[in-house]
Structure formats: structure tokens, C-alpha cells
J.: 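Submitted below is the structure of interest, expressed as C-alpha cells.
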Protein chains: 2
Amino acid sequence: MRPLFHPSVEDVTVEAILHALSDPVRVAIYADIVAQDCSLNCSNFLTVSEKAIPKSTLSQHFKVLREAGLIRGERHGVEVQNTSRCTEIEGRFPGLIRGIVNAHTIQLADVARRDKAASRRPAKRARKK
Amino acid sequence: MRPLFHPSVEDVTVEAILHALSDPVRVAIYADIVAQDCSLNCSNFLTVSEKAIPKSTLSQHFKVLREAGLIRGERHGVEVQNTSRCTEIEGRFPGLIRGIVNAHTIQLADVARRDKAASRRPAKRARKK
DNA sequence: CCATTAGTTCTTTAAATCGGAACTAATGAA
DNA sequence: TTCATTAGTTCCGATTTAAAGAACTAATGG
């Protein structure tokens, strides 16, 4: 089984990073990998935000993150261990990853706050047109 | 002629911002608008990096940037004046825009440096397969 | 050798993107 | 007013890209 492909840091592009992280499922995965700094296999993510995600889709998501240079995946027997490459990327694009992960955290908090407020409020009916 | 739609800052999402800026043409446009802090009409961008871009495509790009909350567009007679909303976004997601624009600048410099090095080097023929 | 587990690849279907052509709205000239 | 021009949008067909079920592969433990 041949090892997974990874671009070298100097081949990493801002566009690829932004594209990879512009998908809600992928940021969730990436944020998780960064948080526990490192290592999580694919199947740990079979559900993201209470929604089941087919593993073919998940496999593609990991591939996109890998090819954008955001994570490194090493096969260990039957499973792959993923680690974030954020120090490498920080070296080339200082502040980029931090800015994105931070923004994502803020947004998650905002959404949680809004949902909570909405559940305390009487059900708002659809606005008539 | 009705005014253009703009999301309020709290409705802006990280995903939409990253998606908007994951396109090379759109980052180029956005970086330009941010640089001259503000105002440029659509047709100033009919060519990006020596390549002509059809105006229907350009119109869509501006729409994506607008709806992501990155720029504000005001109609002045027949043309639209675009300004960046980066202070607003900075308020909600500190460091996000700076990180991205900065990374983009670094990448542009790297590409220029590489191209220059390549032009000084003898033409490298395609690797045989 | 077989069963199981973790991921990948293939294939079909659905959605997003690109760009040409036609259209609209504002402005200026005759 | 009417006509031409300019700036942008909208519509639509063609191409790209993404999603997910099914079939497949590779490693591991009986």
C-alpha cells in the first residue's frame, strides 16, 4: 500500500486552503484535529453535528484537506492517523490558520447562543408575504 | 433600480468568506479593493493577471463577494462603487481578513520570485513518462 | 484461509460555475 | 424626446465539480 500524497509547504496555496476550509464538514474535522493536536482516524467523524456522513464522502473530505496541505495522514495498518500541519503552514503564512480557526470558534459560539435564545422564545411563525 | 443586497455582519459566515476568497480572481479583486481602501467599479477588473474576464462572470464574482459580506456596493448612476467591509468583519472575526490578505500577498511574492528564477534558468523540458 | 475493519475507487446523479447573448437602467448628445 | 453609449445584470446552455451508494482493496486477528 503506497503512502498518501502530501504537497510540500512551498507548494501549498492560499486558494486550496480556503477552499478546503470553506466546507462546514471539513472545518469541523480540521478544527477537531487541530484541537487534540493530532491524530484521529477517519471513522471518528462518521457523524458531524448529529448527521451521519457516508464514508465515501468522508474519504474525499480527508483527501481535500490532505492535498491542500492542511493535514498529514499516515497509514498504520488498516487505519490512517491524521495530524495537522499547522506549524508548517504558520511558517509560510503567519496568522492564517489561527485567524480561520479562531473565526470558526467564534461562529460556533454565536450559533449556540442564538439557538438557545430561540428556544426560550415563543415559536415564531413564518412571515406572511 | 433597487439597492444591492448586503447581509448584516452577524449573518456573515466564515464558510461564505472562505469560499468567496478561495477563487483566484475574487481574491485579486478583493485585495485590490482593500488596498486602495475602497471604491472601484466593476470594469476596472476586466483583465486580471493579463487575462480578459467576461463581464457576466465578473458580475457574478462581485455578487459572491457582496453576499459573503466582504464588500459593499453602492450604485452611483450607471456604475457601482465598491468598498471593503473589513472593519466590520474585523469586529466579528478578529485577524481573519488580515491573515488571508497577508497570506495572499506572501504567495504573490513567492510566485513572482519563482517565475523570475525560472526565466533565468535554461528551459526545462517536460519530464518523460 | 476467512471474516472484519478502514478506506478507496467507481459510477450515477445533482448542484455550481463559466461565458455568450440578450436585456435593463442611467447618462449624455442631437 | 429620442437615440446611442456605458455599466451591469439575467438567462441559458455547456462544462465542472461534488455527493453518496455500491463494489473493491489492503491489513489484521482469529
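Values below: all heavy atoms of this structure, side chains included; hydrogens, waters and symmetry mates excluded.
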J.: Could you tell me how far apart Asn82(B) (CG) and dA7(D) (P) are, to the nearest whole angstrom?
T.: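 Those two atoms, CG and P, are 14 Å apart.
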
J.: Using atom NZ of Lys63(A) as one end and atom P of dA20(D) as the other, report the distance to the nearest whole Å.
T.: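 Value for this atom pair: 17 Å.
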
J.: When the distance from CD of Glu74(A) to C1' of dA27(D) is rounded to whole Å, what number comes out?
T.: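 Checked: the CD to C1' distance equals 16 Å.
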
J.: For nucleotides 17-30 of chain C, just jot down a letter per nucleotide in 5' to 3' order: B, S or -, based on protein non-hydrogen atoms under 4.0 Å.
T.: SSBBB---BSS---

J.: Is there a donor-acceptor pair closer than 3.5 Å between any side-chain N or O of Arg92(A) and the backbone N or O of Val9(A)?
T.: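 The answer is yes, because a donor-acceptor pair under 3.5 Å joins these two groups.
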
J.: Calculate, to the nearest 0.5 Å, the distance between atoms CG and CD belonging to Leu70(A) and Glu88(A) respectively.
T.: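 Leu70(A) CG to Glu88(A) CD: 10.5 Å, rounded to 0.5 Å.
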
J.: Between His104(B) and Leu21(B), is any pair of side-chain heavy atoms under 4.5 Å apart?
T.: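 With C-beta onward as the side chain, the pair stays apart.
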
J.: How far does CG of Leu65(B) sit from CD of Glu67(B), to the nearest 0.5 angstrom?
T.: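 It comes to 10.0 Å.
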
J.: For a 4.5 angstrom cut-off between non-hydrogen side-chain atoms, does Asp110(B) reach Glu10(A)?
T.: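 Not touching, per the 4.5 Å side-chain cut-off.
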
J.: Could you give the CD-to-P distance, from Glu79(A) to dT4(C), as a whole number of Å?
T.: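 Checked: the CD to P distance equals 18 Å.
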
J.: Please report, rounded to the nearest Å, how far the P atom of dT8(C) is from the CD atom of Glu67(A).
T.: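 Distance check: Glu67(A) CD to dT8(C) P gives 11 Å.
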
J.: Quick one: are Ile17(A) and Ile89(A) in side-chain contact, heavy atoms under 4.5 Å?
T.: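 With C-beta onward as the side chain, the pair touches.
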
J.: Can you tell me the distance, in whole Å, between the CZ atom of Phe62(A) and the P atom of dA19(D)?
T.: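 Spelled out: CZ on Phe62(A) to P on dA19(D) is 14 Å.
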
J.: Output the rounded distance in Å from CG (Leu4(A)) to C1' (dT9(C)).
T.: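 That distance rounds to 14 Å.
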
J.: Under 4.0 Å: is that the gap between some side-chain N or O of Ser59(A) and OP1 or OP2 of dG7(C)?
T.: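 No, no such contact exists.
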
J.: Take atom CG of Leu58(A) and atom P of dG21(D), then tell me their distance rounded to the nearest Å.
T.: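 Leu58(A) atom CG is separated from dG21(D) atom P by 13 Å.
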
